[in-house]
Amino acid sequence: MSAEPRHSVRLDRDKCIGCTNCVKGCPTQAIRVREGKARIAEPRCLDCGECIRICPHHAKSAAMDGFERLADFDVAVALVSPSLYAQFGPPATRPMMLAALKGTGFDDVYEVASGAEAVTSATLAELRDPDRASSLPLISTACPVVVRLVQMRFPGLIPNLVPFDSPMEATATRARAETAARTGVPPERIGVFFLSPCPAKRTAARFPYGRPATGVDGVLSIAVAYPRMLAGLERMGPDDIRAFEARHLAGRDGIRWGNIGGESLALGTERFLAVDGIHSVIEILEEIENERLRDVLFIEANSCIGGCIGGVLTVANRFAARTRLKRTIEEAAGSPPPLDAAREAARALRWTQALAPNPALQLDADMERALAKYERLEAVRQDLPGLDCGACGAPDCRALAEDVANGEATVDDCVVRLKEQYRSRAPAAAAPDGGAP
């Protein structure tokens, strides 16, 4: 029996027609088309969701947890991402949305924006640490895709990563502890579920980084929760809303994290760079690697365009979502500053495990074999047309040459090369009676 995949993007082979759209769009060249169907190379998959976004045949999807998992626990707690607020327009208010989510089957709801406030406090202290001068700019670790990308393609930048738990994990830890103290239910019987805008969060919960175990028991899709919440907004009573209006809700700095640039604004520094879109993120990381961004202190990098509000598991158009989140941020502007408990929690957020590079892009773990494969790769690449057409099932000619060097393809997979060879070897057609062929 094969091991369970370590990524959350799934391929429906029945829907796949081998069109190579996903092959060309994958930022780590993790997809090939073989025998007319796409294949995902698991070690290279970042769960960025680009293939889900661009597949015209809906052959890619995200494997997420379902609401039925709530029944596995005595108490179920929901963690609300700031991007969830951007899915609903007026007259829905934040207390109304929180009440509607609780009504879908949860016993309580916590805002991940509160965890973001704690991470902001910890990051500010890290920026002021003089020992950090040799590993600047700091790179945000809120987006798990960016963390996995650094491990795989830019391992030299691992020391630049913000060494703290994500807001999701910070909030999960707090939610479990407070719920256990309030209800008397054992912590292991409390289910903590995150409402996610992307598949990468589920992978991060199943295979956490920087910590030995996750505090999240399941990750649900915002797109699946959305219709249930809509129904709840229609039937909720005033007492449900007042219960959340009476709570201490997260301030605007935490809610800002749902949009690109929000995390940076919460830090209160002008020496930041906010970049969104996985391919643009790669360009910026290359700039950092080449030491061309020495004037920047903090890099906020988001795999999805627009930040989390642009995740593939959201519902609202990201432009409309930006406007809706802005309204929520403005409404939260008068909220009191973060609780002292949140500030204290920042001290416990630091990773306890060092991040290791992911060698998925290496040709071989053995240096001699890797050099031999590289020589083979270069020789094959020189023999290919260089059109990068994708007809072979690889994203470009160099990727095909790499596959050949690894024994996963042959040069005859190049359709253009085969066609040229056929034309050069085929006898010229004889023209009857001296006429034109």
Side-chain angles (χ1 to χ4, degrees), residues 27-28 46 48 115-170 173 200 203-204 207-212 253-254 256-257 260-303 307-308 343-362:
T28 56
L46 299 174
C48 64
E117 292 171 340
V119 176
T120 295
S121 297
T123 305
L124 276 170
E126 192 78 3
L127 282 171
R128 293 165 183 159
D129 187 347
D131 294 336
R132 261 293 180 182
S134 62
S135 54
L136 291 175
L138 282 181
I139 301 172
S140 169
T141 51
C143 177
V145 173
V146 174
V147 177
R148 306 289 191 193
L149 177 64
V150 169
Q151 288 180 282
M152 184 184 302
R153 189 163 170 177
F154 303 94
L157 298 182
I158 289 178
N160 294 66
L161 293 172
V162 172
F164 300 119
D165 286 340
S166 68
M168 175 185 75
E169 290 288 1
T173 300
T203 305
F207 304 101
Y209 47 82
R211 51 171 27 232
D253 284 346
R256 276 175 169 169
W257 280 53
I260 183 66
E263 181 181 0
S264 301
L265 290 172
L267 291 173
T269 177
E270 294 183 357
R271 295 176 60 186
F272 74 87
L273 186 154
V275 55
D276 58 336
I278 186 63
H279 297 286
S280 296
V281 168
I282 290 173
E283 293 178 7
I284 290 300
L285 292 178
E286 288 174 346
E287 291 285 296
I288 301 172
E289 192 174 53
N290 294 325
E291 299 184 355
R292 295 174 182 162
L293 286 175
R294 296 181 179 179
D295 56 328
V296 177
L297 291 177
F298 183 76
I299 303 292
E300 178 184 342
N302 280 271
S303 170
C308 288
R343 294 186 185 278
E344 291 297 321
R347 301 176 183 177
L349 294 176
R350 189 174 294 273
W351 289 341
T352 57
Q353 291 185 341
L355 262 64
N358 178 355
L361 299 183
Q362 294 180 4

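Side chains are part of it too, since the values below use all heavy atoms of this structure and drop only hydrogens, waters and symmetry mates. If you're wondering where the values come from, they're calculated on a predicted model, not measured in any experiment.
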Check your understanding: Does a side-chain heavy-atom distance below 4.5 Å link D253 with T120?
Key -> no
**Study point:** Heavy-atom side-chain contact between N358 and R148 under 4.5 Å
**Key:** no
Review point. Does a sphere of radius 6.0 Å around CD in Q353 hold more than 12 heavy atoms from other residues, nucleotides or ligands, not counting ones at 6.0 Å or beyond?
Key: yes
**Study point:** OG1-CH2 distance between T141 and W351, expressed to the nearest 0.5 angstrom
**Key:** 4.5 Å
Study note, to complete from the structure: For T173 and R211 the tightest heavy-atom approach is OG1-NH2, 3.7 Å
Practice item. Check side chain to side chain contact (heavy atoms under 4.5 Å, CB included) between S166 and all other residues, then give those that pass, not counting sequence neighbours. Key: M168, E169
Point to revise | Test item: R350 side-chain N/O and P163 main-chain N/O as donor-acceptor pair under 3.5 Å | key: no
Check your understanding: Going by heavy atoms in the side chains, are L285 and I288 under 4.5 Å from each other?
Key -> yes
Point to revise | Under the side chain to side chain contact (heavy atoms under 4.5 Å, CB included) test, residues paired with P357 that sit two or more places apart | key: P155, I158
Practice item. Name all residues meeting the side-chain hydrogen bond (donor to acceptor under 3.5 Å, both in side chains) criterion together with R128; count only those two or more places apart in sequence or in a different chain, and write none if there are none. Key: none
Revision key, fill the gap. Applying salt bridge (Lys or Arg N to Asp or Glu O under 4.0 Å) to E287 and not counting sequence neighbours gives R292
Point to revise | Nearest heavy atoms of A266 and R256, plus distance in Å | key: N-NH1, 4.4 Å
Point to revise | Basic-acidic side-chain contact under 4.0 Å: R153, E289 | key: no
Point to revise | From CD1 (I299) to CG (L273), nearest 0.5 Å | key: 4.5 Å
**Study point:** Under the side-chain hydrogen bond (donor to acceptor under 3.5 Å, both in side chains) test, residues paired with S280 that sit two or more places apart
**Key:** none
Point to revise | Where Y209 and P144 come nearest, the two heavy atoms and their spacing | key: OH-CA, 3.5 Å
Study note, to complete from the structure: Here the gap from L297 atom CG to L267 atom CG, rounded to the nearest 0.5 Å, amounts to 10.0 Å
**Study point:** Distance-minimising heavy-atom pair for I284 and V275
**Key:** CG1-CG2, 3.9 Å
Practice item. Report the distance from atom CG of D276 to atom SG of C143, rounding to the nearest 0.5 Å. Key: 10.5 Å
Study note, to complete from the structure: Residues at least two apart in sequence or cross-chain that pass side chain to side chain contact (heavy atoms under 4.5 Å, CB included) with S140, listed by chain then number, are A142, E263, F298
Point to revise | Distance, nearest 0.5 Å, that separates CZ of F154 from CG of N160 | key: 12.0 Å
Exercise for review: Look up atom OG1 in T203 and atom CG in L46, then write down how far apart they are to the nearest 0.5 Å.
Suggested key: 10.0 Å
Check your understanding: Looking only at heavy atoms, what is the nearest atom pair of V281 and N302, with distance?
Key -> CG2-O, 3.5 Å
Practice item. Starting from the C-alpha separation in whole Å, work towards a yes-or-no answer on side chain to side chain contact (heavy atoms under 4.5 Å, CB included) for E300 and I260. Key: CA-CA 8 Å; E300 178 184 342; I260 183 66; 4.1 Å; yes
Point to revise | Side chain proximity check, L149 to P27, heavy atoms < 4.5 angstrom | key: no
Check your understanding: If every non-hydrogen atom of P137 is compared with every non-hydrogen atom of L293, which pair is closest and at what distance?
Key -> CD-O, 4.1 Å
